[in-house]
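Data block below; observations after.
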Number of protein chains: 2
Amino acid sequence: MATMQDVARLARVSVSTVSYVLTGARPISQATRDKVLAAMAELEYQPNALARGLASRRSRILGLLLPMDERGLGATETAFVTGAAAAASTAGYHLVLAPIGVGDLDELRRLASQRMLDGALLMEVQLHDPRVDVLRELGVPLVLIGRTADTTGLSYVDIDFDRTVSEAVGHLVGLGHRRIVYVNHSADTIAEGYGPARRTRDAFTAAMVGHGLEPLMIPAEDSAAGGRAALVTALRQAPDLTAILAMNESAVFGLLGELAGHGRSVPHDVSVVSMVTSPHVAELATPALTAMNSPGSALGRLAIETLLRHVDSGDGEIHQQLLPCALEVRGSSGPPRGTAGEITQNQGPAVPDMEAARRRAATRRRA
Amino acid sequence: MATMQDVARLARVSVSTVSYVLTGARPISQATRDKVLAAMAELEYQPNALARGLASRRSRILGLLLPMDERGLGATETAFVTGAAAAASTAGYHLVLAPIGVGDLDELRRLASQRMLDGALLMEVQLHDPRVDVLRELGVPLVLIGRTADTTGLSYVDIDFDRTVSEAVGHLVGLGHRRIVYVNHSADTIAEGYGPARRTRDAFTAAMVGHGLEPLMIPAEDSAAGGRAALVTALRQAPDLTAILAMNESAVFGLLGELAGHGRSVPHDVSVVSMVTSPHVAELATPALTAMNSPGSALGRLAIETLLRHVDSGDGEIHQQLLPCALEVRGSSGPPRGTAGEITQNQGPAVPDMEAARRRAATRRRA
DNA sequence: GCGCTTAGTCGAAGCGTTTCGACTAACCGC
DNA sequence: GCGGTTAGTCGAAACGCTTCGACTAAGCGC
């Protein structure tokens, strides 16, 4: 393994000159630069990351604090991680994966104290997240994915729930729906102050009221069983519902199963729109789910860029940015039964979709 | 940030003594050790990971080479990563996440040449995986998750597909099924030589033949649409099928949808068993899927332990280990229509399951 | 043509560890 | 009581880089 010494010797310059070629910290003449680069190429030189980090007091490693539970990572989170990793790699940084949640504070403290991290990305942020305090105390720059209750002085990237919910509701109202039920995460989750659950709840209320409609929210456990239970509750509280907006990727499958069990076809009798859902998951359902695609990859990239700005420019100003999910109409939403839209076929799914049409036909046959 | 110097000064010993206390490389008297430890505690000393790595030529960082696509990580992979991260952390190692597939060889070469990695875990291993060659050439110890075509001299951990398939088939045959169809990954995937697809194909054939039954395999694209198409093909080729074994987590949902479309209830008319599937995903389906639970977390732990053995003991002997998936009976499998098992209820799902019973009843009502 | 800045390069001093050789003192067997 | 271990400690030399100060030559304004 060639070292900088070897390169310097071969190029007949000093080590510091080689270093300056590499870092650009001082001007180097074109002629010298060429000699050095040639020597590097010949030796297949690669700088030793550890030595570089030690001398420059920059590890070029960022921490990805990602609590992982048995449920696995959704496609949204995965896209986020992928986007972040790509952006980090482009910038010459590495990502260390630390499955550190709010309960592993000692682990976090150790990691951060070892001066191995130039900065950290916090995922699954709680409204009162102690990890933030630890990192701040240790002087590690950080960017949140999501938001704490008090975000003063904190940079974050997050989904724009207000806009996302508002667009989803707009889609359904535009199709002619009036009685729309919102299936959220569980009551406990909401009570705990889980941000997305709270924000979507409030946004749903605001959107419905804005349309002059009555908001009805049903909490559901994150499971198929939770979805089934939620549907039963929903039908009891609003027997005339024609559309369901779901925040809960796990529950939505149970919900669909139970709808079929009640003999209600989707989207003919009930439209279903799933929020913050990846295309792949949306396609798993039958019919495929109209969904609000989460901007996972873009969020990841943005988070890294924001974090690197802090790392490089000695912790300058903060950046707080929101990205909305994009509506993607698939087979699970359409005009409610007996509307003009139904007859003229003009307000059906915005994207012509043979597949969805086939499924709708099949569904009607059964109904 | 306290350094070793500070600790040494406070404890009135030399830096090397402090180092020996930390690493245990040489004996230190109890009295001295205590003094040093007290000084460390007082200063809240944490060794600098980079300096340590530079001096010892051990970064204590392992690479997790994890190609990530838009589909996200399944629960199996996530469990694997979690298990690996936990095991690494326990051993005092860190995991850097590198979304490096077989196409990013330059990226891999750079990462490995920077001497940042003590070893690497390769995920999504191809039968002919060029990443293996790159790492070997650069002298980086590695452990495969999965297997290449030629595994001589390579350590790996993998799922025991033979045993898993054999148990799944055994479960169905034990329930009384004779006409069992295997839905695999796509034909292209099999042709490419994707290990799990090939191995399960062969294992299925062997298991069926072993029971004196005719093996029928249908390939399917990894999507709901692929699953629907596969079912159509399956019903054409084997109209009398009573059970489906599916390898394809994505296709299985389309398959279930299409079964319902054809008026065949699960598990009454057709039993479905999904392979290498996590509990959470299995629960999403209606009815919940009988599945072979993948040993993700255990595999992760095992992989790290194996890798560390290589790293520590200067690349000793190789370890090749297989772990089977465990059968978990849920609502999607039962005895075929018209068997004794059906009548006596003795061969139903092994686990008494009110939920499944309820669903079966509901299903029958619709049929 | 004189001071002044600036481009370009070098040597050396770190960065915070580990590790090697050396040394002392105690202990062992005989 | 004498060579030979061994436990216990120290000082100094790496590890492979960055960065600081210093120096030489140009280039500039006037």
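So you know, we letter chains A, B, ... as the sequences are listed, proteins then strands, and number each from 1. Excluded from the calculations below are hydrogen atoms, water molecules and symmetry mates; all remaining heavy atoms, backbone and side chain alike, are included.
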Heavy-atom side-chain proximity of A/P99 to A/L66 below 4.5 angstrom: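 SC-SC contact between A/P99 and A/L66 ruled out.
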
Atom-pair distance ([atom1] on [X]; [atom2] on [N]), nearest Å:
X	N	atom1	atom2	result
A/I28	C/dT6	CD1	P	18 Å
A/M4	C/dC10	CE	C1'	14 Å
A/M1	D/dC17	CE	P	11 Å
B/R58	C/dT19	CZ	C1'	14 Å
B/R12	D/dG8	CZ	C1'	19 Å
B/Q5	D/dG11	CD	C1'	12 Å
A/L50	D/dT18	CG	P	13 Å
B/N48	D/dC17	CG	C1'	14 Å

Check ion pair B/R9-B/D6 (N to O, under 4.0 angstrom):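 Salt bridge between B/R9 and B/D6, a charged N being under 4.0 Å from a carboxylate O: yes.
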
Presence of salt bridge, A/D104 and A/R109, under 4.0 angstrom: no

Check the phosphate of [N] against [X], side-chain N and O only, distance under 4.0 Å to OP1 or OP2. Yes or no?
X	N	answer
B/S14	D/dC10	yes
B/R52	C/dG16	no
B/T17	D/dC10	yes

Set of residues satisfying side-chain contact (heavy atoms from CB on, under 4.5 Å) with respect to B/L135, sequence neighbours excluded: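 By the side-chain contact (heavy atoms from CB on, under 4.5 Å) rule, B/L135 matches B/L65, B/L108, B/A112, B/A120, B/L122, B/V140, B/L142.
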
Short side-chain donor-acceptor distance under 3.5 Å, A/S29 and A/T32: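 Side-chain D/A pair, A/T32 to A/S29: present.
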
Side-chain H-bond candidate by donor/acceptor type, A/T151 with A/T148, under 3.5 Å: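 Their side chains do not contain a donor-acceptor pair, so the 3.5 Å distance test is not met.
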
Touch class at under 4.0 angstrom, heavy-atom based, for B/S19 against every strand present: base

Shortest side-chain distance from [X], nucleotide among [options]:
X	options	value
A/A55	D/dC17, D/dT9, D/dC10	D/dC17
B/P27	C/dT19, D/dA7, C/dT9	D/dA7
A/T32	D/dC10, C/dG8, C/dG16	C/dG8
A/S29	C/dC15, C/dT9, D/dT18	C/dT9
A/V13	D/dT9, C/dG16, C/dC10	C/dC10

Is there a donor on the side chain of [X] or the base of [N] sitting less than 3.5 Å from an acceptor on the other?
X	N	value
A/S16	C/dG11	yes
A/R26	C/dT9	yes
A/Y20	D/dC17	no

Contact nearer the 5' end of DNA chain D, comparing A/Q46 with B/R33: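 Counting from the 5' end, the first nearest nucleotide belongs to B/R33.
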
